[in-house]
Amino acid sequence: MNRINKDKLPRHIAIIMDGNGRWATKNGLRRIAGHRKGAEAVRKVIRKCREIGIEYLTLYAFSVENWSRPEGEIKALMSLLEEFLTSELREMLVNDIRLTTIGDIDALYEKVKKALYEAIEKTSVNDGMTLTLALSYGGRDEIVEAVRRILQDSKEGGIEEKEITKEIFADYLYTTGMPDPDLLIRTSGEYRLSNFLLWQSAYTELYFIDVLWPDFSEENFVDIIVDYQHRERRFGLTSDQLT
Ligand code: IPE
Ligand code: IPE
Ligand code: MG
């Protein structure tokens, strides 16, 4: 923890929490046991972020592509999600965490939506950290949806072609008002984005770690932040221009 430089913290960390299924298989368990264990890792990381002073944490919990998994697994994931939202509400209130969500929320199971909206509403005045759960989320879907809404606004006279800039476009995304992620972590040793935050991660620092999500530790997390702090983010400039 004290290895972290408080003056160079990433404002926004995003995580693709991958490897629950493989963790279960490796331990001779059913996939859902991996998801259950994964939820414990989620709690640990949220707590750690709060302790370090991270402003935004965005977690990829369920992708739009994940709807194509076997029905039994989807049902189990939805139950686990509902359970998580209910059990973590207190912790979020105590720790001044505001919950938000990105994705096609309408597609979620009713009971999940209910728990989600309740937690979002009850934590809405908190400002210690913003925790965003990406649920039924797809980056391409998000972009297409933004285009549709811009066209709709344009038809209704709310926006004109020449007004469409990168900044205005970003306002039509689910993540409106949030800074882009500074650091994006993917666990499980896969090297891909799997449709996560495609627009927002244009200049994000990426970190891929070969640890299955349920095994992801606070130490792994601190190591990654320290690594991030040693990188030079040039945004297209030369090193000399930065100093
Ligand atoms: C990530 O773990 C959790 C979700 C996608 C919901 P996986 O379930 O993808 O685990 P692996 O990749 O099969 O090991
Ligand atoms: C990405 O993991 C989605 C989440 C972590 C929620 P997947 O396991 O679904 O990704 P792919 O299919 O291996 O790319
Ligand atoms: Mg996976």
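Along the sequence shown, residues are numbered consecutively beginning with 1. First listed ligand is number 1; within each ligand, the first listed atom is number 1.
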Only one of Y172, Y137, W199 passes side chain to side chain donor-acceptor pair (under 3.5 Å) with E142; say which it is. Y137

Tell me the contacting part of L212 for ligand 1: side chain, backbone, both, or neither, using a 4.0 Å heavy-atom threshold, strictly below. neither

Atom 10 (O) of ligand 1: the protein heavy-atom neighbour that sits closest, reported with distance to 0.1 Å: G21 N, 2.9 Å

Between R149 and D153, does any NZ, NE, NH1 or NH2 come within less than 4.0 Å of an OD or OE carboxylate oxygen? no

Run the salt-bridge test on D223 and R3 with the 4.0 Å N-O cut-off and return the result as yes or no. yes

Does the residue G19 have a heavy-atom contact with ligand 1, meaning some pair of atoms that are separated by less than 4.0 Å? yes

Considering all protein heavy atoms, does one lie under 4.0 Å from atom 12 (O) of ligand 2? no

How does M17 reach ligand 1, if at all, at less than 4.0 Å between non-hydrogen atoms: by side chain, backbone, both, or neither? backbone

Judged by non-hydrogen atoms, does E190 sit under 4.0 Å from ligand 1? no

Under 4.0 Å from a heavy atom of A61: which atoms of ligand 2 are those, numbered in the order shown and with their elements? 6 (C)

Taking N or O atoms only and a 3.5 Å limit, does N20 qualify as a polar contact for ligand 1? yes

The one among E73, R22, R69 that brings a heavy atom closest to atom 8 (O) of ligand 1: R69

Evaluate the side-chain proximity of Q241 to R234: yes if any heavy-atom separation is below 4.5 Å, no if none is. no

